[in-house]
There are 2 protein chains.
Amino acid sequence: MTALRVLLAIAEHGTASGAAEAVNLTQSAVSKHLRGLEESLGVALFARGSRGLVPTEAGRIYVKHVRLALAELEAAAAHISALKASPWSVRLHVLPIIGDRWLLPRFSRFAELHPEIDVQFTTFVTADTAETADGVFRFGEGQWAGQCADYLFGRDVALVGTAALVSRLGGIQTAEDVRRYTVLDHFQTPLRWSEFAAAHGLGEFKPNHTIRFGFYSLVIRAAISGQGLALVPRRLVQDELESGRLINPAGLGFQSRNAYWFTIPEDRPVRPGLAAFHKWLLAEVQAP
Amino acid sequence: MTALRVLLAIAEHGTASGAAEAVNLTQSAVSKHLRGLEESLGVALFARGSRGLVPTEAGRIYVKHVRLALAELEAAAAHISALKASPWSVRLHVLPIIGDRWLLPRFSRFAELHPEIDVQFTTFVTADTAETADGVFRFGEGQWAGQCADYLFGRDVALVGTAALVSRLGGIQTAEDVRRYTVLDHFQTPLRWSEFAAAHGLGEFKPNHTIRFGFYSLVIRAAISGQGLALVPRRLVQDELESGRLINPAGLGFQSRNAYWFTIPEDRPVRPGLAAFHKWLLAEVQAP
DNA sequence: ACTACGGTATTCCCTTTTGGAATAGAACCG
DNA sequence: CGGTTCTATTCCAAAAGGGAATACCGTAGT
């Protein structure tokens with residue numbers, strides 16, 4: 001069971017050590033779980049490379065199903081916990097990328113501040129999971145029917161890559177130069193590069209080569225390991241930009257209409273636990 | 001994880017001890033698993049009665065979701081095992097009621113006969129699970145598009161109940177007498193009682209009281225514990241009829257158009273493992 | 001070519017969990 | 001009121017899970 005969670009974590013992080021952190025285990029445990037799964041299925045799920053684990057065909061299929069299954073289990077738990085919701089419990093639906101790179105690192109502060117509030121996280125998407133949640137983190141333009149949305153961050157999108165990569169291909173002065181590079185993209189939000197092109201008046205944008213990933217964390221990871229250029233909300237790579245592991249050549253980027261929001265249902269009374277979280281969240285976004 | 005399987009087994013059997021047998025554990029282990037689940041969810045899933053465990057509202061909801069989740073996992077496994085199918089492996093989709101009461105008890109004979117054949121059972125229903133299966137046990141009239149179907153048994157439906165129940169309410173001479181009894185029914189195949197009524201020219205059949213169950217094994221179990229009369233394929237309660245735990249008053253029953261069939265896809269080449277199983281299955285049905 | 005680095009696999013060892021046998025207890029039935 | 005048929009609990013052995021340390025392997029940069 002934890003093996004399945006481990007599996008998904010690996011799929012999202014692309015490395016066993018990264019996954020280990022995400023599920024609060026050691027890399028050794030993760031490795032063993034993966035091996036256990038592969039043995040019981042009799043199939044290799046990930047190909048071992050020195051840069052991490054890359055899913056095999058079977059792995060991709062299996063991961064897809066396992067994600068659905070865990071989503072269903074999560075929905076089950078959410079559903080029954082909705083039956084006994086106390087005013088001090090909060091059920092949140094969090095996008096993995098936000099949870100990993102933004103919310104969880106600072107959530108411990110909230111937990112310390114409000115030990116009496118019981119916060120439950122949900123990360124997979126199912127039909128009714130969004131319905132039973134008290135608050136949902138979303139990506140989009142800020143309009144959802146029946147939802148009251150607060151902007152968090154993410155409109156400020158930066159073009160990023162490693163210094164080594166950029167200098168090797170002759171540097172980037174203008175957006176035009178990007179055409180020479182491999183670009184990294186995300187399956188579910190493929191519009192980003194055309195938004196970038198539009199913002200810089202590039203017209204038809206046909207990059208040298210595109211690599212697509214199923215998870216945004218993989219896009220970021222690929223950028224860090226120098227595989228190409230990525231468009232990422234600046235806030236999500238703040239650490240890397242400050243430490244120099246990533247650079248933002250020529251300050252290129254654009255203002256996106258799509259960003260990260262936190263929504264709460266309009267029709268439902270706001271219970272005190274949710275109110276406290278909501279307030280904390282907005283404050284945290286303002287003053288980082 | 002096994003806890004979830006245990007949960008479903010309990011839901012299907014209505015007793016912890018029965019479930020224990022179904023999942024190859026002891027009753028003690030089952031009890032502990034259930035308690036563990038309930039504690040981690042903070043909700044009672046089953047009400048403890050001295051005649052077994054009956055699901056609570058929360059329990060029913062949870063079971064429903066868990067079934068979907070496990071179906072998904074099963075589909076995952078089936079999917080990837082389809083990728084590496086050897087000619088000596090067979091993937092079967094089995095209806096729980098058949099698996100429990102008919103197939104598994106005699107399957108060990110097949111396993112002894114053909115140790116080289118790797119048989120994989122699947123019991124939950126998912127869209128593609130039926131597609132990847134080599135053979136499927138079905139309930140119906142024998143016509144499925146693209147499937148070649150062999151009749152197994154189940155057309156001979158008997159009216160059954162405990163001797164105690166029947167004598168208490170004054171015995172049953174004709175089908176008319178059934179009206180005085182509580183009847184047991186199955187959600188997914190509710191037509192049975194009207195078929196029975198039609199076969200005996202009863203016209204509008206309005207029984208005294210009806211109890212409905214989500215699983216056919218619960219119907220049988222309820223009949224055995226004297227809760228009412230049930231219509232059951234005779235082959236599925238052969239043991240009980242012979243031992244007298246159930247009786248078939250006045251030999252009442254009817255010939256149903258719906259029965260149990262085994263189907264294999266028409267378009268697919270029949271691999272040797274499947275051929276062997278198929279042959280064994282038909283022989284087993286003939287000579288019990 | 002060599003070293004530093006970032007990753008995975010493996011070994012050893014301890015802790016926790018799991019599962020079975022036996023037993024106790026509760027409800028129902030005749 | 002015994003007998004039967006359930007569940008809950010206790011005790012104990014076995015197995016799985018998980019962490020720390022270490023070995024190992026491929027790549028990148030000098």
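Just so we're on the same page: letters track the sequence lines, and every chain starts at 1.
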How close or far is atom [atom2] of [N] from atom [atom1] of [X], stated in whole angstroms?
X	N	atom1	atom2	result
E21(A)	dG6(C)	CD	C1'	14 Å
R245(B)	dC29(C)	CZ	C1'	14 Å
L25(B)	dT18(C)	CG	C1'	9 Å
K32(B)	dG20(C)	NZ	P	9 Å
I224(B)	dC29(C)	CD1	C1'	16 Å
Q227(B)	dC28(C)	CD	P	12 Å
L34(A)	dG17(D)	CG	C1'	16 Å
Q27(B)	dT23(C)	CD	P	15 Å

### Query
Is there a donor-acceptor pair closer than 3.5 Å between any side-chain N or O of N248(A) and the backbone N or O of V160(A)?
no

Under a 4.0 Å threshold between the charged nitrogen and the carboxylate oxygen, would [Y] count as salt-bridged to [X]?
X	Y	result
R48(B)	E38(B)	yes
R5(A)	E74(A)	no
E240(B)	R234(B)	no

### Query
Using the ring of each side chain (for Trp, its six-membered ring), is F196(A) parallel, tilted or perpendicular to W193(A), with breaks at 30° and 60°?
perpendicular

### Task
Rounded to 10°, tell me the angle between the two end axes of the helix from dA1(C)-dT30(D) to dG30(C)-dC1(D), each built from five pairs.
30°

### Query
Judged by modelled atom types alone, do S81(B) and Q120(B) share a side-chain donor-acceptor pair under 3.5 Å?
yes

### Query
Are a donor atom and an acceptor atom from the side chains of S225(B) and Q227(B) found within less than 3.5 Å of each other?
yes

At less than 4.0 Å, is any side-chain N or O atom of [X] found next to OP1 or OP2 of [N]? Yes or no.
X	N	answer
S17(B)	dT7(D)	yes
R221(A)	dG7(C)	yes
T15(B)	dC6(D)	no
R48(A)	dA9(C)	yes
S28(A)	dG19(D)	no
H33(A)	dG18(D)	yes

### Query
If you count the non-hydrogen atoms of other residues, nucleotides and ligands that lie under 6.0 Å from CZ in R35(A), is the total more than 12?
no

### R60(A) atom CZ: more than 12 heavy-atom contacts under 6.0 Å
yes

### Message
Please compare R35(A) and A164(B) by the position of their nearest nucleotide in DNA chain C and report the one closer to 5'.
### Response
R35(A)

### Task
Run the ring-centre check on Y216(A) versus H186(A) and record whether the distance is less than 6.0 Å.
yes

### Message
Heavy atoms from C-beta onward define the side chain here; which of dG19(D), dT7(D), dT10(C) lies closest to that of A16(B)?
### Response
dT7(D)

### Interface residues of residues 52-60 of chain A with DNA chain C (non-hydrogen, below 4.0 angstrom)
G52(A), L53(A)

